[in-house]
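These notes concern the structure reproduced below.
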Amino acid sequence: MTEDSTDLFDDLFARRVVPVLVPMPAPKAYSYAVPEGMAVTPGSIVQVPLGPRQVVGVVWDGVQDDAVDPKKLKAITQVFDCPPLSRDMRTFLDWVAAYTVSPPGLVARMALRAPAAFDPEPMIEGLRLTDTRPERMTPARERVIATADNGFTWTRSGLAHAAGTSSSVIDGLTAQGVFETVFMPPPPVVAAPDPDYAEHRLEGPQKQAALDLLESVDAGGFSVSLIDGITGSGKTEVYFEAIAATLKAGKQVLILLPEIALTASFMERFQDRFGSKPAEWHSDLAPRTREKVWRQVTEGGVRVVAGARSALFLPFENLGLIVVDEEHDPAYKQEDRVFYNARDMAVVRARIGDFPVVLVSATPSVESRVNGDLGRYKPIHLPTRFGDAALPDLGLVDMRRHPPERGGFLSPVLLRHIGKALERGEQALLFLNRRGYAPLTLCRVCGHRFQCPDCSTWLVEHRFRGQIQCHHCGYAERTPESCPECGTFDHLVACGPGVERIAEEVDRHFPDARTIVLSSDLMGVKRLRLELEAIAKGEADIVVGTQLVAKGHNFPMMTFVGIVDADIGLANGDPRAAERTFQLLSQVTGRAGRTGLKSLGLLQTYQPQHPVMQAIVSGDSEAFYEREIGEREKALLPPFGRLASIIVSADTRADAEGHARGLRQAAPRVSGISILGPAEAPLALIRGRHRFRLLVHGRRNSDMQAFVKTMLASGPKMRGSVSVQLDIDPQSFL
DNA sequence: AGCACGCCGACT
DNA sequence: GTCGGCGTGCTC
């Protein structure tokens, strides 16, 4: 050992050592030395060396129990000039890590998703008029000086624009000392909202609901309210009152929305009420904007954020309310890396921060309903539509009695009503939750079925693109002209309908109508938003869409909604199938009838007696929930099972069953394990080559966590990472 | 999660 | 003879 390195060790020992969470799936924080003269506190955001690179980490709480090998110990590179994560935020991140059985470093990383935001935003250069005047005056110079002569600081381009000159005039004046350069703080990303800007006049049930909600919000402290109101009942106006009250109390507000519902129309509604738009937070924010929003949220400048689920991990300076709109929406579940449901974690964050949270839905999740029934969440009902918006008439079309013509999928009843809507100059919406042209293609000669080479699923024909695709792994190939098995040409047949095929059928019946297909694979989020606005303006007659038409957009001229196959999704093995179908169908039929125009929704079904169909047409959601809660209890064991999804890599169903057997032995307290195949597992999982998912049912969170740990330690050998999602148990943490 | 190291197949 | 596939292992 050289003298140099001895000195280095002495030096390291003299330093303080702190735990730092690094963005890596390590089970606990790593230890780093704090260099002489550097000040850190728990929550400090720091840069540390990790292997060959520098990463962003967070100084964590406590001391490291077992000392690391001093040879390994490295020093913190720098502390960012940025508010440390608060005590509450750290508690929250720890809680989420423990609950989801995820590495804490990966959870902490979710709070730091803003690459270059940790150093303060640079001051921007501004110009201020001095007493000096130019030797030669020109009309342009006069205008500039007159414009700037108000004591304000201007930006170079702003002043040029305001004075109607080019910026070279200003450069000339600056050179002569007419302007001095001063530095000013960067402008806020959004203007401050004004809680008194345009108060809504609420009446009747809406007013009562707002009063009930304000009672909890004004009381301060933790509470969960569950606003349960049908589409068009004015839920948004009601929770806007809670937002206004929170703003008046000087606190920040987070509104969570499913990504697709973060539309311009929502922002405008907010602006109409509060005079300015909320800051947005979602996956396709421009990086610069993202950094500004993150920074200003941590410093408290941004008062209201409307964001997708990831916004829940923003380190607010002074958060005082979370609203979770469309709380039942499956988009709140993150199903890769850290598995969590933002709706449930919002409740936890509010509990830790001791402030109110408001869950909002026309069709609450069964979990939230149970929590409401048990008195843990405060139910607030909005039973009627307001204004002149009538509910649509809803009916079932029994497909056994009204079959479509050969080769078609639309019953004569549906076609007749589409025609009527067109005659009235109104719009029709056809909903089918299936992308592409046909879900299965086969050869009429040899019976060959096109199957994904990587998954065991059928390839879906996309005729617009001339491709057959796997909807699970993204595999795609050109649609062949001949059968790859027997070589026969022109004998491939499409089986079953997708939206493209329905559009084709509609075109055949209504060749003069403007028909548009809305499907997530045909356009990006931006393009989609534009299309939705265009449709709302009446630039299409018939819209054929997948489930994205169900979310958060209103079409005032849409007076007929036809559900092409209401039965899709009822029998896919997921214990939530009926609930999901009910929520989806409610949302789609809710798109109609908000204008005072008479509107109609028809559902094509082969199971008109099914409880979901009955609930939709009768409007009796109470009976449906009661039944569904009962079914869920039977399926998952009383008092109300907890579901954990455990992702297991298995190439065949038989392998998955082998894993399940091993898991049952490893964890006797787990009450049930069911296997979901590729058709039920989300895309993200399949991409990671995990084809089968085991749904594990247990009674209590502690049981489930113990189970997962046992599994990780001694369970069957599994390839890749094993991930877990726990859905909240109504009896968990309240 | 990244990233390096390392060992076998098709190419300038 | 090299470029590049992804399997394995490590990071305070």
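Each chain gets a letter, A, B and so on, in the order its sequence line appears, and its residues count up from 1.
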Got a sec, which residues hit salt bridge (Lys or Arg N to Asp or Glu O under 4.0 Å) with Arg449(A), two or more places apart in sequence or on another chain?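 Counting only residues at least two positions away or on another chain, Arg449(A) forms no salt bridge (Lys or Arg N to Asp or Glu O under 4.0 Å).
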Excluding sequence neighbours, so at least two apart, what forms salt bridge (Lys or Arg N to Asp or Glu O under 4.0 Å) with Arg465(A)?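 For Arg465(A), no residue satisfies salt bridge (Lys or Arg N to Asp or Glu O under 4.0 Å) once neighbours in sequence are set aside.
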What is the separation between atom [atom1] on [X] and atom [atom2] on [N], rounded to the nearest whole Å?
X         : N       : atom1 : atom2 : answer
Lys28(A)  : dA1(B)  : NZ    : P     : 20 Å
Leu73(A)  : dT11(C) : CG    : P     : 13 Å
Lys71(A)  : dC10(C) : NZ    : P     : 16 Å
Arg53(A)  : dC12(C) : CZ    : C1'   : 13 Å
Gln54(A)  : dG2(B)  : CD    : C1'   : 14 Å
Met24(A)  : dC12(C) : CE    : P     : 8 Å
Leu112(A) : dA1(B)  : CG    : P     : 17 Å

Suppose we screen for side-chain hydrogen bond (donor to acceptor under 3.5 Å, both in side chains). Which residues come up paired with Asn433(A), at least two apart in sequence or across chains?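 Once residues adjacent in sequence are excluded, Asn433(A) has no partner under the side-chain hydrogen bond (donor to acceptor under 3.5 Å, both in side chains) criterion.
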Taking only side-chain nitrogens and oxygens of Arg109(A), does any of them come within less than 4.0 Å of OP1 or OP2 of dG2(B)?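 Checking dG2(B) against Arg109(A), a side-chain N or O does come within under 4.0 Å of OP1 or OP2.
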Specify the residues of residues 44-52 of chain A, ordered by number, for which at least one heavy atom lies under 4.0 angstrom from an atom of DNA chain C.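 Within residues 44-52 of chain A, the residues near DNA chain C are Pro49(A), Leu50(A), Gly51(A).
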Which pairs would a plain distance check flag for residues 39-49 of chain A, meaning a side-chain donor or acceptor within less than 3.5 Å of a matching protein atom at least two apart in sequence or in another chain?
{"residue": "Ser44(A)", "atom": "OG", "partner": "Thr41(A)", "partner atom": "N", "Å": "2.9"}
{"residue": "Ser44(A)", "atom": "OG", "partner": "Thr41(A)", "partner atom": "O", "Å": "2.9"}
{"residue": "Gln47(A)", "atom": "OE1", "partner": "Gln78(A)", "partner atom": "NE2", "Å": "3.4"}

Tell me if the centroids of the rings in His448(A) and Phe450(A) come within less than 6.0 Å of each other.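 Between His448(A) and Phe450(A), the centre distance is under 6.0 Å.
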Enumerate the salt bridge (Lys or Arg N to Asp or Glu O under 4.0 Å) contacts for residues 298-312 of chain A, please, sequence neighbours excluded, ordered by first and then second residue.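 Matches after skipping sequence neighbours: Arg295(A)-Glu299(A).
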